[in-house]
Amino acid sequence: MPTVLSIIVFTVCFTCAATDSVYESFLQCLKTHSSPPDNNISSIVYSRSTSSYEPVLQHYIRNARFNTTSTPKPVLIVTPLTESHVSTAVICSKNIGFQLRIRSGGHDFEGVSYVSDQPFFVLDMFNLRSISIDMTARSGWVQAGATLGELYYKIWENSKVHGFPAGVCPTVGVGGHISGAGYGNMVRKHGLSVDHVVDGKIVDVDGKILDRKAMGEDLFWAIRGGGGASFGVVLAFKIQLVEVPETVTVFRVERTLEQNATDVVYKWQTIAPTTDDGLFMRMLVQPVTLNKQKTIRISIYALYLGGANDVVSWLAKDFPELGLGKQECFEMSWIESALWWASFGKGASPDVLLDRESYHVKFMKRKSDYVKTPISKKGLQWLWEKMIELGEPGLVFNPYGGKMNEINATETPFPHRSGNLFKVQYSINWKEAGVEADTRNKDLVKKLHSYMTGFVSRNPRSAYLNYRDLDIGITKNWSYQEGKVYGESYFNGNFERLVDVKTDVDPHNFFRNEQSIPPRTSKVWNGMKRMKEARPPVQARHGTKQNLIL
């Protein structure tokens, strides 16, 4: 009878052998399909026996929940250097029979771009990050692996009075951010990132490289907010720049319950979405302990596209509860405001935007909601009690209005436009590793989410795709009915059109993840069965070990 040790040794050896077999088969396929022949193509593929495998995998993990020994790991990591590499990677993943996950920055909160319960490859786009700006046309091509920080820096190099309305975190990858309808602190003035995309390039399920004309308007519509990874591999977007003033103003104001925070929040709900379109006031709501007393602290972070005198004057009239003084405002250039929002210190050089490292990777969980009618003071006071009782999760309120009211809900897959006062993000971070801490903290944020039920949208209870949340629902059988559960939350009525596009461009559902757009048909790509003899054991997403049986 074999001992436990001998079984472990056998399993490890089998796993290594199986992985090596897959590596060789994949590499041979890449060489076969490379045109012209590429003798260095092995440099872009990392197997588990490659010394650089772990550093490459971990470098773009932005949620520590998915950087544990029990997290399922890819069999191979592919890091294309050219667009043709992406094409051959898609073709060969299909030929060999492996699922492909696509990572452009790693900021997806549930790790679906680099974690799977099924054997899989990761296609990591970080080498494809070129940015070309054409100031004559006030546009630019940005590859999917570029970061927002790199994009902002490149715009700043070319113009001091132009910007792009996208997120405030500089290490987010452009591919995932834009294809998921990313937004930032100019959302009220200029709308979403996808509202300024005029062309794109994608590799389809057959490995073909398509621009807007070749892909057609339906697919172009879908990848501007419907999540590109459901339809192919986004290579690049052509964006239209927006004008920004030479001087902008930022400010941060904090208040506690003892400093009229409830009055501020109550008034903020009607002022923040209706004030001047150039003013964006994000509000953080957190339970804290000050002087041994539990309370709620609100923090308002703001960008105004203009001078301090104007914003102070307007808010004194329309929002006196805030009590904003000019001494709390800082005038600066737009690129300096990008540094301020990213929490770089005073006097930081724009060069720091080129740093792709993320130095504060934490365990985290996020959820989202939309609020259509103001929460009453009584409702807010009840909510404060619940938040203090929970002790940990916080809320982030992001105001809409302005440009968001002017764009039709069907213009892009992102439907949450007119009628929404603000978006809510539920946020919790923690430092302790382990299943117990993971469960405890996720349960806390779920409770806060449940407490908000009476205050937020319903039928469906809407959510934001780029705040990915697997609690809403996942697909296990890749069916339309499963996909509809989370699809209608993210996309409301636009889900059906996304399904139609998916059915047309990827009917066998090769590009898929736990919350991808399903095809309307029941056919499912079955290439996973082709290499079953060579498969290593895998681990379940949530850490319990299992063997894959196909």
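The residues of the chain are indexed from 1 along the displayed sequence.
At distances below 3.5 Å, at least one donor-acceptor pair connects side-chain atoms of Asp506 with backbone N or O atoms of Phe511. At distances below 3.5 Å, at least one donor-acceptor pair connects side-chain atoms of Asn63 with backbone N or O atoms of Arg65. Formation of a donor-acceptor pair under 3.5 Å by the Arg252 side chain with backbone atoms of Ile300 is not found in this model. No donor-acceptor distance shorter than 3.5 angstrom exists from the side chain of Gln58 to the backbone of Pro55, with no hydrogens or angles considered. Without hydrogens or angle criteria, Asp195 side chain to Leu192 main chain gives a donor-acceptor distance under 3.5 Å. For Ser313 (side chain) and Asn309 (main-chain N/O), no donor-acceptor pair under 3.5 Å exists by modelled atom type. Ser34 places no side-chain N or O within 3.5 Å of a backbone atom of Pro36 that could act as its donor or acceptor partner. A donor-acceptor distance shorter than 3.5 angstrom exists from the side chain of Ser193 to the backbone of Gly182, with no hydrogens or angles considered. In this structure, the side chain of Trp340 does not engage the main chain of Gly345 through any donor-acceptor pair within 3.5 Å. Remark: the backbone N or O of Ser84 is paired with a side-chain donor or acceptor of Thr88 at under 3.5 angstrom.
Looking only at atom types and distance, the side chain of Ser139 has no donor-acceptor partner in the side chain of Gln240 under 3.5 Å away. Side-chain N/O atoms of Ser113 and Asp108 include a donor and acceptor closer than 3.5 Å. For the residue pair Asp469 / Ser368, no side-chain donor-acceptor distance below 3.5 Å is found, with atom types taken as modelled. A donor-acceptor pair shorter than 3.5 Å cannot be found between the side chains of Asn429 and Lys365. With hydrogens and angles left out, the side-chain atoms of His85 and Asn127 include no donor and acceptor closer than 3.5 Å. Donor-acceptor pairing under 3.5 Å is lacking for the side chains of Arg101 and Ser93. Counted by atom type alone, Gln515 and Tyr490 present one or more donor-acceptor pairs between their side chains at under 3.5 Å. Under the 3.5 Å distance criterion, with hydrogens and angles disregarded, no donor-acceptor pair is assigned to the side chains of Asn405 and Arg188. Tyr467 and Arg366 share no donor-acceptor pair across their side chains, judged by distance under 3.5 Å alone.
Two residues are said to be in side-chain contact when any heavy atoms from C-beta on lie closer than 4.5 Å; Val203 and Glu83 fail this criterion. Phe330 is not listed as a side-chain neighbour of Thr249, based on a closest heavy-atom distance of 4.5 Å or more. By the 4.5 Å heavy-atom criterion applied to side chains, Tyr153 and Ile131 are not counted as neighbours. No side-chain heavy atom of Met404 sits less than 4.5 Å from a side-chain heavy atom of Glu406. At least one side-chain heavy atom of Ile209 sits under 4.5 Å from a side-chain heavy atom of Ser87. Contact annotation: the side chain of Leu395 never approaches that of Leu284 to less than 4.5 Å [non-hydrogen atoms, C-beta and beyond].
Screening residues 144-155 for salt bridge (charged side-chain N to carboxylate O under 4.0 Å, His left out), with sequence neighbours left out, gives Arg129-Glu150, Glu150-Arg356, Lys154-Glu157. Contacts classified as salt bridge (charged side-chain N to carboxylate O under 4.0 Å, His left out) and involving residues 218-244 (residues at least two apart or in different chains) are given here: Arg138-Glu243, Asp218-Arg497. The list of ring-ring contact (aromatic ring centres under 6.0 Å, His included) pairs with a residue in residues 174-214, not counting sequence neighbours, reads Tyr183-Tyr464.
Under the 6.0 Å cut-off for aromatic ring centres, Phe422 and Phe397 qualify, their centroids lying closer than that. Between Trp268 and Phe319, the ring center distance fails the sub-6.0 Å criterion.
Nearest approach of Arg62 to Met364, heavy atoms of both residues: O-CE, 3.7 Å. Residues Glu331 and Gly307 share a closest heavy-atom pair of OE2-CA, 3.5 Å. Contact detail for Asn513 and Ala229: the closest heavy-atom pair is ND2-CB, 4.5 Å. Val168 approaches Pro170 most closely through the heavy-atom pair O-CD, 3.4 Å. In terms of heavy atoms, Leu279 sits closest to Thr275 at CD2-CG2, 3.9 Å. Closest heavy-atom contact between Val248 and Ser337: CG2-CB, 3.8 Å.
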Open item on the list: Is there a side-chain contact (heavy atoms from CB on, under 4.5 Å) between Arg417 and Tyr400? Walk through the geometry before answering.
Closed with: CA-CA 8 Å; Arg417 304 281 191 168; Tyr400 277 11; over 6 Å; no
TODO: Before giving the answer on ring-ring contact (aromatic ring centres under 6.0 Å, His included), spell out for Tyr152 and Phe164 the whole-Å C-alpha distance, their side-chain angles and the decisive distance to 0.1 Å.
DONE: CA-CA 7 Å; Tyr152 297 159; Phe164 186 69; 7.6 Å; no
Task: Candidate pair Lys423 and Val371, rule side-chain contact (heavy atoms from CB on, under 4.5 Å), full reasoning - done: CA-CA 6 Å; Lys423 172 166 55 188; Val371 174; over 6 Å; no
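More than 12 heavy atoms of other residues, nucleotides or ligands shown are found within 6.0 angstrom of CD on Gln327.
Under the ring pair (Phe, Tyr, Trp, His ring centres under 6.0 Å) criterion, Phe220 pairs with no residue, sequence neighbours left out. Applying the ring pair (Phe, Tyr, Trp, His ring centres under 6.0 Å) test to Phe121 and every residue at least two apart in sequence or in another chain returns Phe26, Phe98. Evaluation of the side chain to side chain donor-acceptor pair (under 3.5 Å) rule for Glu411 yields no partner, not counting sequence neighbours.
Under the 30°/60° scheme for interplanar angles, the aromatic rings of Phe414 and His416 are found to stand perpendicular. Relative ring orientation between Tyr301 and Trp341 is described as tilted, the plane-to-plane angle lying within the 30° to 60° band.
Stacking of Arg103 on the aromatic ring of Tyr114 is recorded, both the 6.0 Å distance cut-off and the 45° axial limit being met.
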